[in-house]
Amino acid sequence: MEILSSSGLLTGLNSEQLTAVTWPAQPALVLAGAGSGKTRVLTTRIAWLLQTGQASVHSILAVTFTNKAAKEMQLRLSALLPVSVRAMWLGTFHGLCHRFLRLHYQEAGLPKTFQILDMGDQLSVIKRMLKQLNISDEIIAPRSLQGFINAQKENGLRASQLSARDPHERQMIECYAAYDSLCQNEGVVDFAELMLRSYQILQNNDVLRSHYQNRFNHVLIDEFQDTNKLQYAWLKLLAGKQAAFFAVGDDDQSIYRFRGAEVANMTRFLHEFNVSEPIRLEQNYRSVGNILTAANAVIAHNASRLGKNLRTEAGTGEKIRVLQAINDIEEAQFVVDEVKALHREGLDYIQMAILYRSNAQSRVLEQALFRAGIPYKIYGGLRFYERQEIKNALAYLRLAVNPDDDNALLRIINVPTRGIGARSIENIQAAANEANTSLWQAATNLAAKNSKIAAFVRLIENLQLQATQISLPEIMAAAIYDSGLMEYYRTQKGEQQERINNLEELLNAAVAFKPQESGFEFDSDYDPNDPLFAVLSFLSTASLEAGEHQAGQGEDALQLMTVHAAKGLEFDGVFLTGLEEGLFPSEYSMAERDGLEEERRLMYVAITRARKRLYLTMAEQRLLHGQTHFALPSRFVDEIPEAVLQYLSAHKNSLIARQQSTQRTNPFHSRSKLAETQASQDFDGFQLGQNVHHERFGTGVIIDATHKAEGARLTINFGKQGIKELDTVFAKDKLTIIS
DNA sequence: TATATATATAGCAAT
DNA sequence: TATATATATA
């Protein structure tokens, strides 16, 4: 073991990890369980390849899904070895494709200043296009078209490669084609287009393809289970015949099917690369035994798995605490009380997280935390770069560098209001259609006749000029102040201080921005001293890292996020909230094929975030979208062995272990008084929120009811049996009220 | 043309 | 709940 002793790199690795890290230059699939040291394996392998001279920084392609993960790897790598990480192609799929397209914009048929559409931008382009084509929302819903287009692109398919099975689908495909040509005219690309465009260039351009295939001899991919068809194809194309394809993933943590991820890529990989057996990392360094028992038990309910069982050398630890609250407010209060108690015992807030299935659930928690004066930080939700004032300010900049961006123009032509109303905009659009030009071009033509349009044109022309002359922060300031945007928010009534602060924050971000660190590759075409270079990098970073902007980092604050956002993170204490049927698993998932398995994997991810202490909480009643919902505890809680659970009840801030129920199926059969009074309207002898038993469907809860001419119609959630609608006229004697 | 108010309508996870 | 659209009125 010469290498071992000569280098500190490999010390401390267990034998599974060592096998993975020092795997020869051959394809490998590493099946890495949660908390098994996956990131460590990846970074150590890269360092080892570099140190032993098997690879150079130029010959490595390393891909992650989030910017956070990419930065983490950069950081750890530079701690291991003094390498120039910037020269390495290490980044997210979208970040690397963006870099590629900026480098090869000519081959890609894109303008040098092309801009990126985020989901919101994409939706407005689609709406605008549908209006232009005179297609109403009822015939094609903008959101469904958006989903359709993205799904096709993620499968690597252009409109021309699709065939329709019915007239509606034919229209969707026509819209897809129209959308693509609109984007092309306006010089904008959406997220999926970044990938597809890069892929197609590599596929069609022999020179470029062989250049990159010769260059990369090691291709490493993290979170492989979340790759979609196109991403996998892109990786294979870049790897070529001779590169070593090193894939790390966990099929049990595949939670992005809704955006095209295919777990099947893992088995496909094994087959296509002739890998007989994956390398399994099953030693968990994160959680105590009880938590792992729960995670293993839950995930065992899934049928399609590669198979893996986590083990730990830590003790069993505490039991997992379970609480069912009367409603969402009480649930939040319980969490707050527990957080306070744990903090008093010496646990830092930053070591605790509250997780939930959907962002809408954060509100109640936030209020309770705010009242209690606990510092907290929310991830996700409305991100910094998605706020309207930020998007408005950036739209000025986008228009300045790329005047064909109609979306940007429409966004701010009358923000702040400058007398260009709906009528004037229609005129501009008509003129643009007539002459087949961009809106900007049409506006400049109309400026002679309309003084208000003329003023707007002058404003933008001035910004355009500045974009070639002055520095990024100065241009940003011009976009915010000269446009009148800041003044607009200052004089608007209502609480606009937040928006003003955000605009100032945006200015700070522009001052602090370092284009060299933005993952932009230097090319002879770009002069790093050219302000345009900085503006383009800044705008792209804003689109690609919309969520990463974080104020007050390093502060001791409780972490709030969705389970999706929590993937890859770990905390000493985790509160998993809203564990109710219909919410988690979500009701949408139940209608989809294999939807439940995906939700279960999500549950698995959630459980395995916790190191020492885990709480599972749920509410009998909660307010969602302004309506009261009733639900049973999530089936996933039932899937955890009772031996590792401890049921609690919340009473005046003190916890009393609830008498353990002998009924395995429903430990929560006592109903609260409050819930009853709030749902006391009578429906032929039944009430909302009541637990009932049906001879065929088992135990369920009444979630909705309507009066009928005779009797009433009840909507009952029977958990595993699904949601059923029953008429009391027929079903009355089959139903017994049990609470 | 700009603004205020009323009413309908869809609603999950995120690079 | 948030957002879009319609309608009224200055």
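Chain identifiers are assigned alphabetically (A, B, ...) following the order of the sequence lines, protein sequences preceding nucleic acid strands; residue numbering begins at 1 within each chain. No hydrogens, no waters, no symmetry mates; every other heavy atom, side chains included, goes into these values.
Listed pair A:Asn67 / B:dT15 fails the phosphate criterion, with no side-chain N or O lying under 4.0 Å from OP1 or OP2. In terms of phosphate contacts, A:Thr562 brings a side-chain nitrogen or oxygen within less than 4.0 Å of OP1 or OP2 of B:dA14.
Separating the CG atom of A:Leu96 from the C1' atom of B:dT15 is a distance of 12 Å, rounded to the nearest angstrom. Distance CG (A:Asp594) to C1' (B:dA13): 17 Å, rounded to an integer number of Å. The distance between atom NE2 of A:His564 and atom P of B:dA13, rounded to the nearest whole Å, is 9 Å. Taking atom CG on A:Leu123 and atom C1' on B:dC12, their separation rounds to 16 Å, with Å as the unit. Rounding to whole angstrom units, CZ of residue A:Arg143 and P of B:dC12 are separated by 7 Å. The distance from atom CE of A:Met119 to atom P of B:dG11 is 13 Å, rounded to the nearest whole Å. Residue A:Leu623 contributes atom CG, which lies 19 Å from atom P of B:dG11 at whole-angstrom precision. In this entry the distance linking CG of A:Asp118 with C1' of B:dA14 reads 11 Å, nearest Å.
A:Asn359 comes within 4.0 angstrom of the backbone, heavy atoms only, and of no base. Contact annotation for A:Asp190: no contact, since no heavy-atom pair falls under 4.0 Å across all strands. Within the 4.0 angstrom heavy-atom criterion, no nucleotide atom of any strand lies near A:Phe93. The residue A:Ser424 sits close only to the backbone: its heavy atoms come under 4.0 Å of sugar-phosphate atoms, none of a base. Within the nucleic acid shown, A:Ile255 has no heavy atom closer than 4.0 Å to any nucleic acid atom.
Under the rule for a side chain to side chain contact (heavy atoms under 4.5 Å, CB included), the partners of A:Ala295 that lie at least two apart in sequence or sit in another chain are A:Tyr604, A:Ile607, A:Thr608.
No side-chain donor from either of A:Thr39 and A:Glu72 sits under 3.5 Å from a side-chain acceptor of the other. A side-chain donor from one of A:Asn392 and A:Tyr489 sits under 3.5 Å from a side-chain acceptor of the other. Counted by atom type alone, A:Gln225 and A:Glu223 present one or more donor-acceptor pairs between their side chains at under 3.5 Å. Under 3.5 Å, the side chains of A:Arg411 and A:Ser124 contain no donor-acceptor pair of N or O atoms. Using modelled atom types, one finds no donor on one side chain facing an acceptor on the other under 3.5 Å when comparing A:Asn407 with A:Gln115.
In this pair, A:Tyr588 lays its aromatic ring flat on the base of B:dC12, centres within 5.5 Å and planes under 30 degrees apart. A stacked arrangement is assigned to A:Phe258 and the six-membered base ring of B:dA13, with a centre-to-centre distance below 5.5 Å and an interplanar angle below 30°.
Looking at DNA chain B, the stems built from 3 or more consecutive Watson-Crick or G-U wobble pairs, each pair with its key distances under 3.5 Å, are B:1-10 with C:1-10.
Positionally, the nearest nucleotide of DNA chain B for A:Thr417 lies more toward the 5' end than for the other of A:Phe65 and A:Thr417. Comparing A:Ser586 and A:Arg418 against DNA chain B, the residue whose closest nucleotide sits nearer the 5' end is A:Arg418.
A:Asp226 has a carboxylate O that lies under 4.0 Å from a charged side-chain N of A:Lys567, or vice versa, which qualifies the two as a salt bridge.
The OG atom of A:Ser543 lies 7.0 Å from the NZ atom of A:Lys391; values are rounded to the nearest 0.5 Å. Atom CG of A:Asp121 is separated from atom CD1 of A:Ile126 by 11.0 Å, given to the nearest 0.5 angstrom. Between the CE atom of A:Met195 and the CG atom of A:Leu101 there is a distance of 10.0 Å, given to the nearest 0.5 Å.
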How would nucleotides 2-10 of chain C be written as a contact map, 5' to 3', with B for base contact, S for sugar-phosphate-only contact and - for no contact, using protein heavy atoms under 4.0 Å? S-S------
